[in-house]
**Student:** 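Below is a structure I'd like to ask you about.
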Amino acid sequence: LLLGWSSLFGIAWILLTIRIGFTLQNYAKQAEARMSAAATERLGILGNIIGAIRAIKYFAWEPEFMVEVNSARAKECKALAQRARMVSLSTTFGKITPVTASLVVFTTFSLLSNKMRASDVFACNTVFMTMRFAVGSSSMLIEAHRSISL
């Protein structure tokens with residue numbers, strides 16, 4: 001607590017960004033469920049097509065079935081893209097949390113009219129950079145835990 005009360009703002013910022021990461025992972029999990037449902041639907045359509053391939057070829061219905069398969073695939077790809085965006089955002093929030101937390105702490109410290117010393121800044125920045133892996137990997141650990149808990 002070299003920086004006094006301003007360190008509490010940094011801790012609050014870290015907790016807030018971890019919570020944002022949790023929320024983004026929840027959205028990613030919902031998108032994954034939508035993606036799974038869309039893939040199941042697409043595979044069902046493909047199963048029907050394979051089962052009736054002779055009739056489809058005989059009556060030249062390929063274009064109609066291709067539209068149906070492409071529509072199901074587009075829905076699946078949309079959910080996949082949403083999931084990828086949410087996971088990427090969550091990981092990014094985790095990686096930038098220590099850097100932004102140190103920025104919040106030092107800004108708050110200076111706004112409270114405190115005098116900054118280089119030794120305090122380097123000591124505190126070292127602590128924040130040490131947290132980089134732990135906080136940055138928290139979103140990946142959450143994602144792994146939620147994938148296992150299905």
**Student:** A side-chain contact here means heavy atoms from C-beta on lying under 4.5 Å apart; do F65 and E68 qualify?
**Tutor:** yes
**Student:** Does M66 have more than 12 heavy atoms from other residues, nucleotides or ligands lying within 6.0 Å of its CE?
**Tutor:**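 No.
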**Student:** Could you grab the distance from atom CG of L24 to atom CZ of F93, nearest 0.5 Å is fine?
**Tutor:** 6.5 Å
**Student:** Under a 4.5 Å side-chain heavy-atom rule over Ile, Leu, Val, Met, Phe, Trp and Tyr, are I56 and L43 clustered together?
**Tutor:** yes
**Student:** Kindly compute the distance separating CE (M35) from NZ (K75), expressed to the nearest 0.5 Å.
**Tutor:**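 So the gap between those two atoms works out to 14.5 Å.
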**Student:** Please lay out, stage by stage, how Q25 and F22 fare under the test side-chain contact (heavy atoms from CB on, under 4.5 Å).
**Tutor:** CA-CA 5 Å; Q25 285 297 334; F22 285 160; 5.7 Å; no
**Student:** Classify the angle between the aromatic ring planes of W61 and F59 as parallel (below 30°), tilted (30 to 60°) or perpendicular (above 60°).
**Tutor:**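 Because their plane-to-plane angle is under 30°, the rings of W61 and F59 count as parallel.
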**Student:** Would you check if the side chain of T92 reaches a backbone N or O of S88 as a donor-acceptor pair within less than 3.5 Å?
**Tutor:**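 Yes; at least one donor-acceptor contact below 3.5 Å.
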**Student:** Working to the nearest 0.5 angstrom, can you tell me the gap between I20 CD1 and L89 CG?
**Tutor:**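 Spacing of CD1 (I20) from CG (L89) equals 10.5 Å.
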**Student:** Please say yes or no: joined through hydrophobic side-chain contacts below 4.5 Å, possibly via intermediate residues, are F106 and L112 part of one cluster?
**Tutor:**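 Not linked; separate clusters.
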**Student:** Any chance you could measure L15, atom CG, to L8, atom CG, to the nearest 0.5 Å?
**Tutor:**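 Here the rounded value is 10.5 Å.
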**Student:** Got a second to check how far K95's NZ is from T100's OG1, nearest 0.5 Å?
**Tutor:**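 Spacing of NZ (K95) from OG1 (T100) equals 13.5 Å.
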**Student:** Nearest 0.5 angstrom please: I45 CD1 to R73 CZ, how far?
**Tutor:**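 I45 atom CD1 to R73 atom CZ measures 12.5 Å (nearest 0.5 Å).
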**Student:** Grab the two heavy atoms, one from S110 and one from M116, that are nearest each other, plus how far apart they are.
**Tutor:**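 Looks like CB-SD, 4.1 Å.
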**Student:** Hydrophobic clusters here meaning ILVMFWY residues chained together by side-chain heavy-atom distances under 4.5 Å, can you tell me if I53 and Y58 are in one?
**Tutor:** yes
**Student:** Distance-only, no hydrogens or angles: does the S90 side chain make a donor-acceptor pair with backbone N or O of M86 under 3.5 Å?
**Tutor:** no
**Student:** Closest approach of A72 and E41, non-hydrogen atoms and distance?
**Tutor:** CB-OE2, 4.5 Å
**Student:** Do V105 and I14 share a hydrophobic cluster, counting only Ile, Leu, Val, Met, Phe, Trp and Tyr and linking them when any side-chain heavy atoms are less than 4.5 Å apart?
**Tutor:**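 Per the 4.5 Å side-chain linkage, V105 and I14 are co-clustered.
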**Student:** Examine I11 and L103 and state if one hydrophobic cluster contains both, with Ile, Leu, Val, Met, Phe, Trp and Tyr joined whenever side-chain heavy atoms are less than 4.5 Å apart.
**Tutor:** no
**Student:** Should Q82 and K78 count as side-chain neighbours, where that means a heavy-atom distance under 4.5 Å?
**Tutor:**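 In contact.
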**Student:** Looking at E32, is its backbone amide N or carbonyl O close enough to the side chain of S36 to form a donor-acceptor pair, meaning the two atoms are under 3.5 Å apart?
**Tutor:** no
